[in-house]
Asker: 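My structure is below; once you've seen it, I'll send some questions.
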Amino acid sequence: MDNISNLFSNTRFTEPPEISIIKDFVLKTYDIAVKVLVKDNQVVIIVNSAALAGSLRPKLFELQKLCNTKKKFLIRIGD
């Protein structure tokens, strides 16, 4: 029986391209790192302040076009 490390040692996990696009955009625009979760029909951007969430909200359509997706974009404040 194989243990978990043997099963996953040859498997490469790649993150969806939306994650790197959003992280790079926010880092270049606001100089702040964010977390991004991609689900089946939505993209959740987790920010650390309400001020960042408020200033990022008008940019959601721009981000959606950059990511070339029809998924719903949500902003969540948390850590």
Side-chain angles (χ1 to χ4, degrees):
M1 185 163 159
D2 292 326
N3 61 18
I4 291 179
S5 63
N6 289 341
L7 291 174
F8 290 119
S9 64
N10 295 329
T11 305
R12 293 212 174 242
F13 295 103
T14 59
E15 64 181 24
E18 293 97 339
I19 292 177
S20 59
I21 291 171
I22 294 168
K23 285 182 176 183
D24 290 343
F25 177 84
V26 175
L27 190 62
K28 288 178 185 175
T29 307
Y30 301 103
D31 197 28
I32 296 174
V34 296
K35 296 179 184 175
V36 181
L37 300 173
V38 178
K39 298 183 179 182
D40 291 336
N41 58 356
Q42 64 185 0
V43 176
V44 182
I45 304 169
I46 304 169
V47 298
N48 60 358
S49 70
L52 178 59
S55 62
L56 191 58
R57 175 125 356 248
K59 307 261 186 201
L60 289 182
F61 290 114
E62 183 179 350
L63 281 171
Q64 193 173 28
K65 287 182 182 179
L66 283 173
C67 293
N68 195 22
T69 184
K70 296 289 183 183
K71 294 180 181 180
K72 184 178 181 178
F73 278 61
L74 303 170
I75 298 175
R76 191 175 87 193
I77 301 168
D79 192 30

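Values below: all heavy atoms of this structure, side chains included; hydrogens, waters and symmetry mates excluded.
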Asker: I'd like to check the side chain to side chain contact (heavy atoms under 4.5 Å, CB included) partners of Leu74; sequence neighbours left out, ordered by chain and number.
Answerer: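 Side chain to side chain contact (heavy atoms under 4.5 Å, CB included) check on Leu74 returns Gln42, Val44, Lys72.
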Asker: For residues 15-29, please give each side-chain donor-acceptor pair under 3.5 Å, one per line with the distance, not counting sequence neighbours.
Answerer:
| residue | atom | partner | partner atom | Å |
| --- | --- | --- | --- | --- |
| Ser20 | OG | Pro17 | O | 3.1 |
| Thr29 | OG1 | Phe25 | O | 2.7 |

Asker: Minimum heavy-atom separation for Ile77 to Asn48, with atom names?
Answerer: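 Smallest heavy-atom distance, with atoms named: CG2-C, 4.4 Å.
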Asker: Report whether Leu37 and Val47 are members of the same hydrophobic cluster (ILVMFWY, side-chain heavy atoms less than 4.5 Å apart, transitive linking).
Answerer: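 No, no single cluster joins them.
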Asker: Under 3.5 Å, sequence neighbours excluded: what are the donor-acceptor pairs made by side chains of residues 55-66?
Answerer:
| residue | atom | partner | partner atom | Å |
| --- | --- | --- | --- | --- |
| Ser55 | OG | Ala51 | O | 3.2 |
| Ser55 | OG | Leu52 | O | 3.2 |
| Gln64 | NE2 | Lys71 | O | 3.0 |

